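Here the structure comes first, spelled out in structure tokens, and everything after it is commentary.
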There are 2 protein chains.
Amino acid sequence: MRNMAKGSFKVQVLQAREGAIVASVNRLLAEKGYDAMTVDEVAADVGIAKASLYKHFTSKEELAAAAMIRLLDHALAFLATLEAQPKATALERLKAVARWTLQVQLAGEMPALPAQNSTLRAALAANKTYLDRLMLVSDKLGEWITAGQKASQLNRKLPPELILYTLFARACDPVLSLLKAGGKYSDEQIVDLLLTTCFDGLCGHAKLRLA
Amino acid sequence: MRNMAKGSFKVQVLQAREGAIVASVNRLLAEKGYDAMTVDEVAADVGIAKASLYKHFTSKEELAAAAMIRLLDHALAFLATLEAQPKATALERLKAVARWTLQVQLAGEMPALPAQNSTLRAALAANKTYLDRLMLVSDKLGEWITAGQKASQLNRKLPPELILYTLFARACDPVLSLLKAGGKYSDEQIVDLLLTTCFDGLCGHAKLRLA
DNA sequence: GTCTATAAGAGGATAGAC
DNA sequence: GTCTATCCTCTTATAGAC
């Protein structure tokens with residue numbers, strides 16, 4: 001019956017080190033993207049040898065998967081806080097999720113994975129922990145989406161998957177970085193502008209925060 | 001006065017070969033993305049030796065830039081056909097542009113460049129031909145955007161750059177490939193759905209083509 | 001300008017001592 | 001499990017003959 005409960009001190013040290021590794025990976029993925037991130041950089045950033053990294057994670061793909069799991073866990077924690085507010089409507093919750101996603105991106109903490117890398121996609125598709133977290137997030141958002149459509153807060157003619165994908169896509173919206181690079185708007189304004197275009201469209205007569 | 005007019009037969013052959021190269025690059029960029037595309041593949045696809053490629057284009061970055069210029073030229077040609085229709089409103093033209101962009105993507109002909117590759121960005125920023133074409137497209141779209149806002153066809157509260165960027169972003173919309181992978185909708189339905197979410201938002205009460 | 005052959009280097013992954 | 005040192009593959013780019 002070894003390592004009962006939370007495990008020995010030694011185990012906790014190891015888990016803390018893994019947490020530091022994943023945090024570094026997350027930051028580097030947000031900064032440079034998956035392809036430009038090298039395992040050497042990760043090791044240097046954490047302050048350990050590359051060979052030691054490979055004792056914790058067996059490949060670069062697994063490092064990326066760990067970062068994604070970390071992100072999804074943070075998302076799940078945020079979804080839980082939203083669900084704890086019984087007065088909020090489905091639409092308000094979905095907008096809050098989109099806002100959170102954009103803020104993570106603005107903070108430089110959104111890991112960027114290439115959509116076309118097939119080996120990476122295969123590794124993620126084979127990672128049960130990742131798939132599990134992804135399904136938890138998708139299911140919760142799916143509930144709110146159908147609720148929002150029933151209440152006519154969301155366009156009832158749109159397939160729910162489309163709405164789900166559109167919300168997920170806010171995590172890699174290139175418009176955010178372009179507006180940010182322009183330097184004309186504050187972070188809060190950028191978030192409001194993108195939320196407006198997402199939920200009300202380019203034609204919509206939404207009032208933003210001004211009017 | 002050598003090479004007058006369109007040049008000799010020899011020059012035309014060379015230009016045709018360069019066209020074939022750029023077409024291959026465009027297809028490979030659309031299929032695998034910039035990082036996964038190798039110069040060896042391009043050479044094999046065109047059917048010439050890699051060293052010959054480097055006689056036409058001095059680097060992989062220049063290959064990508066040539067593909068982008070080709071794309072922008074196609075876009076400019078399409079914009080010209082739109083401008084030849086005097087009855088069309090600004091909004092109709094912008095929707096037609098967005099539709100064209102999505103159709104290029106669906107046809108597997110949209111080159112995919114990583115937003116974060118700094119050396120590639122530098123090469124593009126130093127390419128005057130590319131910048132010239134990009135500015136021509138941006139200026140024309142900018143005209144229509146401001147016209148659409150004056151006519152209240154577009155939300156007047158949105159900064160014009162935001163609208164421009166949002167239209168550009170349709171060229172790499174991940175929602176399209178997700179819907180396509182789902183297999184539940186025809187290409188035309190996918191285009192209509194994405195146009196609706198883009199211009200009318202997730203909340204909008206647009207009728208799509210059904211109602 | 002086209003080819004074959006190769007340089008030059010980056011980067012993922014591992015061997016083996018401790 | 002951590003380290004140093006190394007392997008090995010892939011990829012960009014070029015040399016030099018024709």
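Just so you know, these numbers use all the heavy atoms, side chains as well, and skip hydrogens, waters and symmetry mates. Note on naming: letters A, B, ... go to the chains in the order of the sequence lines (proteins, then strands), and numbering restarts at 1 for each one. Worth saying up front: this structure is predicted, and the values here are computed from it rather than measured.
- A side-chain donor-acceptor contact under 3.5 Å links Thr119(B) and Asn117(B).
- The CG atom of Asp40(B) sits 13 Å away from the C1' atom of dA5(C) (whole-angstrom rounding).
- Between the P atom of dA10(C) and the CG atom of Asp35(A) lies a distance of 17 Å, rounded to the nearest Å.
- Lys60(A) has its NZ atom 19 Å from the P atom of dT9(D), to the nearest Å.
- In this structure, the CZ atom of Phe57(A) is 12 Å from the P atom of dT2(D), given to the nearest Å.
- Of the candidates dA13(D), dT14(C), dC3(D), dT14(C) carries the atom nearest the Tyr54(A) side chain, counting heavy atoms from C-beta on.
- Between the CG atom of Asn117(B) and the P atom of dT11(D) there is a distance of 15 Å, rounded to whole Å.
- Within 4.0 Å (heavy atoms only), Thr38(B) reaches sugar-phosphate atoms of the nucleic acid but no base atom.
- Under the 4.0 Å criterion applied to side-chain N and carboxylate O atoms, Asp73(B) and Arg70(B) are not assigned as salt-bridge partners.
- Put simply, CE on Met37(A) is 15 Å from C1' on dA10(C), counting in whole angstrom units.
- Sequence order on DNA chain C of the closest nucleotides to Ser59(A) and His56(B) puts His56(B) first from the 5' end.
- Glu31(A) contributes no side-chain N or O that, together with a main-chain N or O of Pro111(A), makes up a donor-acceptor pair within less than 3.5 Å.
- Using a 4.0 Å cut-off, some side-chain N or O of Arg17(A) falls inside it from OP1 or OP2 of dT2(D).
- The distance from atom CG of Leu53(B) to atom C1' of dT4(C) is 15 Å, rounded to the nearest whole Å.
- Under the 3.5 Å distance criterion, the side-chain polar atoms of Asp35(B) are left unmatched by any main-chain donor or acceptor of Pro114(B).
- Comparing dA13(D), dA13(C), dC3(C) by their nearest atom to the side chain of Ile48(B) picks out dC3(C).
- Between Lys95(A) and Glu92(A) there is no salt bridge, since none of the side-chain N atoms of the basic residue sits less than 4.0 Å from a carboxylate O of the acidic one.
- Under 4.0 angstrom from either OP1 or OP2 of dG1(C) there lies no side-chain N or O belonging to Ser52(B).
- Of the candidates dT2(C), dG1(D), dA13(C), dA13(C) carries the atom nearest the Lys50(A) side chain, counting heavy atoms from C-beta on.
- Between the C1' atom of dT12(D) and the CD atom of Glu62(B) lies a distance of 14 Å, rounded to the nearest Å.
- Checked against dT2(D), dT12(D), dT14(D), the side chain of Lys55(A) finds its nearest nucleotide in dT2(D).
- Comparing dC3(D), dG1(D), dG12(C) against the side chain of Leu14(A) picks out dG1(D) as the nearest.
- For Ala49(B), the listed nucleotide lying nearest its side chain is dT4(C); candidates were dT4(C), dA13(D), dA13(C).
- The side chain of Ala51(A) sits closest to dT4(D) out of dT2(C), dT4(D), dT11(D).
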